[in-house]
Every structure is written in C-alpha cells, then in structure tokens.
Amino acid sequence: MTREEIKNNGDDMMIDDPKPKIENEFNVHYLRIYYGNLFPYSDIYKWLSYGHDGKHPGCDEYYFGRREFSFTLENDVYLRYKSFKNASAMEAAIKSNFPYKIDIGAVYSVDPDKRHAYAHSGTNLFTPVERELVFDIDITDYDDVRYCCSGADVCSKCWPLMTVAIKVIDTSLREDFGFKHILWVFSGRRGVHCWVCDAKARRLTNEQRSAVAEYFRVYKGNENNAKKVDLMGHSLHPFLARSYVDFLKNFFEGELQATQSIFSSKEKYEKILGMITDEDIQADLRGRWENSSRSSLSEEATSLLRWEQLKKTLQSKRNKALSLRTCIEEIVFTFTYPRIDLEVSKQMNHLLKAPFCVHPKTGRVCVPIDPNNCDEFDPLAVPTLSQLIEEINSGGVSMDVDDDSDRSLLGKSIKFFRSSFLEPLLKSCKEEIESSYKTKIEKSKDTFNW
Amino acid sequence: MEVIRSQKRTVSNDIVSTPTLPLYLTAPPMEVRLEEFELFAIDRLRVLKGVSDGLARGRNPNEMDDLVDTLWKEHMRLPDVSEMINKDIISHFVLRLVYCRSDELKKWFLSMETALFRHRFRIKKIEEQRTIVGEFGLPYKAVIGAELESLKERLGLVARSLGQISSDVENIYYKVPFEEVPDLVAGRRVLLQKGYAFVAGSQLVSLVVTQFRSHLSKALILTNRKWTTTIREREKDRLTPIVEALSTSYLGPDYTQSSEYADISLKDIDQVSKSSFPLCMRHLFEKLREDHHLKHGGRMQLGLFLKGVGLKLDDALAFWREEFTKKVGSERFDKEYAYAIRHNYGKEGKRTDYTPYACSKIITSAPGVGDHHGCPYRHFSEDNLKAALNRMGLSSRGMEDVMDKVRNKHYQLACTLTFEAVYGTSCDTGINHPNQYFEESQKILKSKTPAAPV
Ligand code: SF4
Ligand SMILES: [Zn+2]
C-alpha cells in the first residue's frame with residue numbers, strides 16, 4: 001500500500017481526494033526525523049502521568065503504564081492496546097514504528113498490553129477506569145452551511161466556524177462545569193479536538209459523559225429532518241443565551257455574512273426560508289428577494305440587507321405564533337452553533353489522536369490552540385513536516401527538543417503547551433495526590449484506633 | 001430476612017413505622033413463608049414487566065405515574081398496610097437474588113426498580129416526599145441569601161426555557177455537584193455554575209432517584225457475591241431452583257438466537273428487506289445500498305438486527321464488504337470494519353454476544369447529522385416519514401392513523417399500525433422489537449405462500 005492510500009482515520013468515513021502535492025509535505029523519511037528530533041516525548045509523558053511520575057508516596061507508579069495507545073503504521077497496520085511502562089519505552093516504540101498516527105485511549109484497570117492474561121480470570125477485570133473528557137469537532141459536518149469548501153477542505157473563510165465552536169464550548173466547560181485544565185488541539189486538517197483533563201473530568205462515568213455531551217446538543221434532527229435546531233420553551237437556557245449573546249449572534253451577523261453571504265442567492269436563502277414555519281412570511285420574503293436579485297449591491301451587502309428584512313418581518317409578526325418567536329435564534333444556531341460528534345465524548349474507551357502527531361495528508365502538526373486567542377489561529381499557517389525538516393537542515397534550530405524558544409517553528413507551540421496547560425495541570429495534580437494521600441493516612445489511623 | 005415453612009409469622013414492630021415507600025436499605029429482620037417467597041416475587045415481576053412495557057412504548061412521565069399507580073394497586077395491594085409493606089420489601093429482596101446473577105439481569109432490574117421508585121415517589125404527597133428525603137440523609141445544602149439572589153435571574157431563565165411562562169423561581173434550590181444529576185444536566189433542566197447544578201425543590205425526585213439507583217446498584221453487587229459464595233449452594237434444594245426459575249420464566253425473547261422464521265441468506269436479502277423489514281431497518285438498508293456507507297450507529301443497529309434475523313457471520317462479512325469496499329477499499333474495510341462485525345458476532349474482543357436492539361433503545365437513541373439510525377417514526381420529519389410510508393404502500397387513511405400516533409409520540413404504536421396496514425392482520429402484542437416485526441411478518445408471509453406441489 002502506498003502513501004497516497006493512507007486515509008485520514010477520523011471516526012467518520014470521509015474519503016479524501018488524493019492530493020499528490022502532499023508528497024512534498026509528508027513522507028516516511030521526514031517522519032523519522034521528526035520522531036527522532038522534534039516530537040515532545042517527555043511533555044506527553046508528563047501530561048499523561050498526571051503527577052504520578054513523582055517521588056511522593058501517594059504516587060501510583062503504574063498509572064502511565066495502564067494507558068492505552070494505538071498506532072496506525074505506514075502500511076495501514078493498526079495496533080491497538082499498546083502500553084508503555086515509562087517515557088523511554090514509549091519513545092523507543094514510537095521511534096521504531098514511526099506511526100503515521102498515534103491515538104490515546106483510556107487508562108485501564110490493568111495494563112492493556114497484558115489484558116489477555118486477565119481475560120479468563122473473571123468478567124470485568126479489564127475495564128477503563130479513567131479517561132479525559134474529549135470532544136471532536138469536524139468541519140465536514142458543516143458542509144450544508146459553508147459555501148467556500150466541502151468535505152475535508154478548509155480555508156480561512158470557513159475556519160472561523162471552528163473558532164466560534166471553541167469559544168462556545170470552552171466557555172461553558174469553564175463557567176458551567178468548572179473545569180480548568182482544557183487542551184484544544186488542531187486535528188491536523190479539518191477540525192479540532194478538545195481534552196478536558198481535570199481529575200473530576202477523567203473520572204466521569206459513561207452516563208455522566210453522556211450528560212455533558214447532551215447538555216451541548218441542540219441539533220435534534222438529521223438530514224431527514226430539515227429543521228435542524230429546535231429551541232423550545234419561552235426563553236433560552238442560560239448556557240444557550242450566553243452563547244448566543246456573547247458569540248453566535250455577532251459571528252452570524254459579522255464574519256459569517258462576510259465570508260459566506262448566506263442570503264446572497266436563491267439557492268442559499270431558500271434553505272433559510274425553509275426554517276420559517278409560516279408560509280405567508282416565507283412567500284412575502286421570497287417575493288421581495290426575487291425582485292431584488294439584480295441589485296447592484298455586493299453579495300455581502302445583499303445578504304446583510306436580507307437578514308435585516310427577515311428579522312424585521314419576523315419581529316413584527318412575533319405574536320402570531322409561538323414558533324415564530326424563536327425562529328431568529330434557530331436560524332443563527334443552525335448556522336453557527338458547534339456541531340460536535342457527540343458519540344466520541346460519551347464513551348470512556350473512545351480513542352483520540354494525540355497532540356503533536358503529523359497529519360499524513362497535509363503534513364501539518366497537530367498543535368495546541370490557545371482558546372483565548374483562537375481568532376489568531378490559522379490552520380494554513382501551521383508548520384508542516386517539510387518546513388520543520390528544512391528548518392533543521394538549514395541549521396536554524398538546535399536539534400534539542402527542549403528548545404522551546406519562540407524562534408523555531410514548533411517551539412512556540414511547545415512553549416504554549418508547557419506554560420499554559422502542562423504546568424498548571426501538574427501543579428493541581430500534585431496537590432490532589434498530596435491531599436488524597438493525607439486522607440488515606442487519616443483513615444488508616446482511624447482503623448488503628450479501635 | 002429468613003425463609004421459613006411455618007404458616008405464621010412474627011411481625012416485627014418497626015415495620016409499621018416504615019413509610020409507605022421503603023428505600024430497601026437493609027433486609028429487615030423478618031420471617032418469610034416459602035410460598036410467599038415465590039408468589040410475592042411473581043407479583044412484583046408483573047409490576048416491573050408493566051413498567052418495562054410502558055417505557056418501551058415511550059410513555060411520558062405523567063402517563064408512567066398513572067401506569068405505576070394502577071399496576072401497584074392491581075398486583076401489590078393488600079388490605080392491611082403493614083402486610084402490604086412486608087410484601088413490598090420481601091418481593092424486592094427476593095428479586096434481588098433473582099436478578100443479581102448476571103450483568104444483563106442486573107441492568108434490567110436496576111432500571112425497572114429505579115423507574116418504579118421514581119414514579120411511586122412522584123405520586124406521593126409532598127410531606128411524605130420530605131420524609132423520604134430525610135431518610136436518605138441527602139447531603140445537599142439549600143442555597144440561600146445573597147447567593148440565591150445572585151442566581152435568581154438565570155434560574156428564572158431556566159424555568160422559562162422549560163416552558164414556564166413567568167420567570168418566577170422556586171423557594172428552595174439545592175447546590176449539587178453536576179455529576180450527581182446527569183439526567184437534569186442532559187436535559188438542560190438546571191442552571192450550572194462552576195461545576196454545580198442548582199436543583200429546584202420540585203426536581204428533588206431526580207436527586208432521590210440517583211441515590212436510590214446508586215445504592216441499589218452497589219447492593220446488587222454484594223448480593224451477587226453472597227449468592228455465588230454461599231446462598232446458591234446452601235439453598236440448592238430449596239430456594240435456588242425457585243430463584244433460577246423466576247428469571248427465565250419471565251424475560252422476553254432477546255433475539256440472540258435465530259428462530260425458525262429467522263434464517264435469511266445473502267441472495268434473498270434485498271427481497272426480504274422490502275417484504276419484512278420494519279421501517280427503521282429498511283431505511284438503513286436502502287441508505288447503505290445507496291451510499292455504500294453507514295456511520296457507527298447505523299452499522300450497529302442494522303448489523304445486530306441482521307444477526308438476529310439469522311444472517312451468518314460469513315454472509316454478514318460479505319454483505320458489508322460488498323458495500324463498504326465501493327467507498328473505502330477492501331484493505332481499509334478489513335482493517336477497520338471487519339473487526340467490529342466479527343465483534344458483534346462475538347468472534348473478536350471480549351467475545352460477548354451483542355443482542356439486537358429493541359425498539360426502546362432505538363427510539364431513545366439520538367442520531368446526529370449524517371446518521372441514519374434511530375426510529376423513523378420518531379426521528380424523521382413529517383414529510384419524510386409520509387414519503388417513506390407511501391413507499392411501503394400505505395393508503396392515505398392508514399397514513400393518517402399512523403401520523404396521528406406519531407404526533408402523540410406513540411412511535412411503537414405507529415409502527416404497529418403500519419404493520420397491520422401492510423399485512424392486513426392485527427398485531428395485538430404491539431411491536432416492541434424490530435426482530436419481532438420481522439418474525440411476525442415472515443410468519444404471515446410464509447403461511448400465505450402455498451405449499452409446493454407434491
Ligand atoms: S418502532 Fe421499532 S421496529 Fe418500528 S421502526 Fe421504530 S424502532 Fe423500528
Ligand atoms: Zn472554506
């Protein structure tokens with residue numbers, strides 16, 4: 001099997017167009033160099049150890065070793081349930097397999113590598129016990145609301161849909177759920193992944209994960225049901241209201257109109273008219289827009305004008321029917337609200353691609369995204385493997401992984417990963433290990449007191 | 001609790017002071033007559049079975065309240081209150097023994113007992129509810145003073161988002177870690193702030209039910225341990241046979257084994273899909289033929305159904321391969337999808353046999369963008385559903401009857417009516433399982449086919 005046939009291994013089954021030019025961005029040889037010199041092993045190890053790699057008596061030294069990894073290799077061989085004792089074992093395995101993709105799974109009750117040894121001893125010995133709460137958002141799920149690209153392609157016009165998704169979800173995870181240690185990662189091509197790493201998040205049961213996922217769901221239907229968002233009740237839930245006021249509304253009227261001009265042609269606006277339940281209003285607006293189709297305004301201006309007309313009409317008829325009241329919000333939500341692949345979030349044992357992998361189709365590194373500055377993130381400016389190799393070859397950067405200076409292409413990302421995510425995370429992990437050790441000691445004292 | 005053969009029983013006095021909705025925290029010290037052991041358990045099973053049917057038929061919470069009330073009166077009521085409480089407690093503890101014996105049984109019992117408890121709690125008077133809450137000793141603090149003031153506006157929004165017209169808030173809110181009220185979080189029925197859910201007094205039932213469920217779940221594990229280590233052996237001549245018979249005498253078919261009407265092969269599959277598949281499966285089947293691809297939810301729903309109708313593993317692999325390779329190529333199929341199919345048949349991984357999904361599971365699934373699984377009666381828009389029914393040959397009269405059920409959210413009844421319209425016979429049991437739909441339909445079709453001439 002040749003490189004071109006390696007497909008992106010997302011959970012869906014999108015077929016990628018072969019893009020021969022990628023040859024230049026990605027090849028096995030480059031990948032070996034990348035894993036040999038640039039991949040941040042010790043950061044990944046420290047992260048996934050959650051403080052258990054320390055000397056404290058409360059540390060569980062086998063914690064990291066019970067984590068599942070899986071590799072997808074060049075020849076499409078797929079290795080699941082790999083696990084590593086420590087950082088150097090992980091590094092050695094990666095360097096000898098140079099996987100095209102590394103996935104991270106759950107922490108299990110026993111070492112995944114040895115799961116067969118336990119298979120016959122009882123029913124449920126090999127079960128997932130901890131897992132980050134993860135989210136997967138993919139631009140291909142937005143195909144019906146973007147007109148610049150489709151499928152796996154993204155450009156600067158549709159990427160903002162991802163940006164707004166990050167803002168909505170990140171804010172809610174922090175404000176509503178109280179999580180603090182959240183890592184956003186570019187998936188290398190067409191979306192973003194989110195890892196919520198707080199201890200509380202890692203211990204959620206599947207039922208609790210589903211609850212969080214469902215909290216984020218507003219899409220009721222699928223393609224068999226044209227009206228996708230159904231906001232019932234007499235007002236929005238505070239989470240939806242905040243998302244609407246703080247992010248979605250402005251995005252819809254600003255950036256989305258500027259980049260997608262969603263009312264500019266008949267084909268586009270018919271989709272929106274279809275969301276209005278009142279046929280008279282539909283006909284009225286359609287009549288006005290068909291007549292104005294040859295105006296001299298720009299696409300964007302036409303689109304904005306029509307949106308204003310639609311809003312005015314709906315507002316004036318607000319009292320006519322209950323369903324019209326939420327119509328404006330529903331349109332905005334349909335176009336802009338995050339479309340999360342919720343199934344990924346609901347199960348502890350779902351795999352998700354590791355940060356700092358390289359996407360075999362684009363050659364781009366899966367770098368972290370700063371949610372506080374996600375507007376500045378440009379997926380097309382993310383360093384590619386060939387750029388990184390070139391940088392090494394030209395001697396512009398030391399081969400030391402620990403060089404996280406802003407000067408090198410990857411350095412900035414690694415620096416961000418360490419200072420904004422890893423350090424605060426490890427600090428709270430240490431505190432937690434310390435305090436749970438203390439309570440354990442207290443408890444054992446109690447039992448001696450009898 | 002001790003099982004005896006004698007006819008009289010010494011009633012302990014503290015039973016009388018138990019509220020009418022016991023929490024079953026500990027097995028009370030009392031003697032049980034052997035015949036009551038079995039009879040009480042069967043009565044309770046009738047109630048649980050009724051609850052299970054009600055849930056499968058998609059009854060809403062208020063309808064479930066009524067159903068539970070009726071079922072209870074029908075099967076559990078005794079003229080003497082303390083006798084009734086005894087029956088309640090004894091039957092519950094007997095069924096713990098019956099249903100602790102496998103994960104599958106445990107899961108069913110846990111859901112049904114929890115549902116039963118939920119609705120019995122809901123129909124109690126408020127004072128009685130308070131007492132029950134007190135008994136659990138729920139560790140939650142009521143939100144008061146400035147904190148409550150600062151939340152009022154958003155609490156009002158939550159109330160309005162749930163359909164209340166005014167933005168009045170309730171008198172009491174409890175501050176609870178969000179993990180403890182997953183159902184309220186999932187439905188956005190509470191305000192969340194920094195990891196806490198603010199649960200209104202009227203939502204207390206959710207908290208109590210969570211406690212009940214987690215307590216029962218732990219208790220079942222302990223019961224299982226006692227059962228396997230001592231009781232089974234010690235009671236092998238007396239209680240064990242009763243316990244073992246009780247669970248099998250009851251559970252309906254799960255369609256893991258194919259029956260005489262369920263035996264299809266690859267060459268018939270297209271024809272059979274048109275003649276005997278329920279709408280949910282027809283839709284998946286057609287989409288697969290059309291797109292050569294289904295997302296995970298669809299692959300599971302259709303795949304397990306096909307297993308249930310008797311498609312052999314090799315045929316199943318051939319069937320999926322034929323379609324998927326058109327889209328992803330055979331290497332990727334073998335690598336990523338074949339495993340899951342073999343897994344469904346218990347040939348890989350944990351080697352558990354996956355059971356085909358019942359309607360209740362399909363109806364409550366939540367297909368997202370690009371998914372085709374789920375129950376069309378629930379998940380299709382009205383227009384799409386009508387078009388699909390039209391293709392199944394329903395008259396406009398029949399269609400209206402079906403749509404009427406759909407509008408009232410009786411999805412399985414809608415499916416039953418479709419069945420009756422298509423095959424021209426009545427189906428009194430109602431459709432509860434796609435594989436049942438299939439088998440009933442095959443029975444009818446095969447009885448109509450004239451026997452081959454000799
Ligand atoms: S009611 Fe059951 S069998 Fe009928 S379509 Fe829905 S899920 Fe399928
Ligand atoms: Zn684009």
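All values derive from a computational prediction rather than experimental measurement.
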Decide side chain to side chain contact (heavy atoms under 4.5 Å, CB included) for A:Thr72 and B:Glu336; before the verdict, give the C-alpha distance in whole Å, the side-chain angles of both, and the deciding distance to 0.1 Å.
CA-CA 11 Å; A:Thr72 308; B:Glu336 281 173 40; over 6 Å; no
[X] vs [Y] side-chain heavy atoms within contact, under 4.5 Å:
{"X": "A:Arg242", "Y": "B:Leu157", "result": "no"}
{"X": "B:Val369", "Y": "A:Tyr142", "result": "no"}
{"X": "B:Glu179", "Y": "A:Lys200", "result": "yes"}
{"X": "B:Arg188", "Y": "A:Leu240", "result": "yes"}
{"X": "B:Gln193", "Y": "A:Phe177", "result": "no"}

Can you tell me how far apart [atom1] ([X]) and [atom2] ([Y]) are? Round to the nearest 0.5 Å.
{"X": "B:Ile165", "Y": "A:Ser235", "atom1": "CD1", "atom2": "OG", "answer": "12.0 Å"}
{"X": "A:Leu204", "Y": "B:Phe178", "atom1": "CG", "atom2": "CZ", "answer": "5.0 Å"}
{"X": "A:Asp341", "Y": "B:His296", "atom1": "CG", "atom2": "NE2", "answer": "10.5 Å"}
{"X": "B:Glu331", "Y": "A:Asp76", "atom1": "CD", "atom2": "CG", "answer": "6.5 Å"}
{"X": "A:Lys180", "Y": "B:Lys194", "atom1": "NZ", "atom2": "NZ", "answer": "7.5 Å"}
{"X": "B:Asp183", "Y": "A:Glu214", "atom1": "CG", "atom2": "CD", "answer": "12.0 Å"}

Between [X] and chain B, with a heavy-atom cut-off of 4.5 Å, which part of the residue counts as in contact: side chain, backbone, both or neither?
{"X": "A:Phe179", "value": "side chain"}
{"X": "A:Arg209", "value": "neither"}
{"X": "A:Leu173", "value": "neither"}
{"X": "A:Leu236", "value": "backbone"}

Heavy-atom distances under 4.5 Å only: say whether B:Glu153 touches chain A with side chain, backbone, both or neither.
neither
Quick one: what part of B:Ala366 sits under 4.5 Å from any heavy atom of chain A, side chain, backbone, both or neither?
both
Does [atom1] belonging to [X] count more than 12 external heavy atoms closer than 6.0 Å?
{"X": "A:Phe216", "atom1": "CZ", "value": "yes"}
{"X": "B:Lys326", "atom1": "NZ", "value": "yes"}
{"X": "B:Arg289", "atom1": "CZ", "value": "yes"}
{"X": "A:Glu279", "atom1": "CD", "value": "no"}

Provide the closest heavy-atom pair for [X] versus [Y] in the form atom of the first, atom of the second, distance.
{"X": "B:Pro182", "Y": "A:Ala211", "value": "O-CB, 3.3 Å"}
{"X": "B:Pro367", "Y": "A:Arg217", "value": "O-NH1, 4.1 Å"}
{"X": "B:Arg154", "Y": "A:Pro238", "value": "O-CG, 3.5 Å"}

Closer than 3.5 angstrom, by distance alone: can the side chain of A:His237 be matched with the main-chain N or O of B:Gly187 as a donor-acceptor pair?
no
Are the side chain of A:His234 and the backbone of B:Ser161 linked by a donor-acceptor contact shorter than 3.5 Å?
no
Do B:Arg189 and A:Tyr215 pass the side chain to side chain contact (heavy atoms under 4.5 Å, CB included) test, and can you show the C-alpha distance, the side-chain angles, and the key distance before you say yes or no?
CA-CA 9 Å; B:Arg189 305 179 66 80; A:Tyr215 183 79; over 6 Å; no
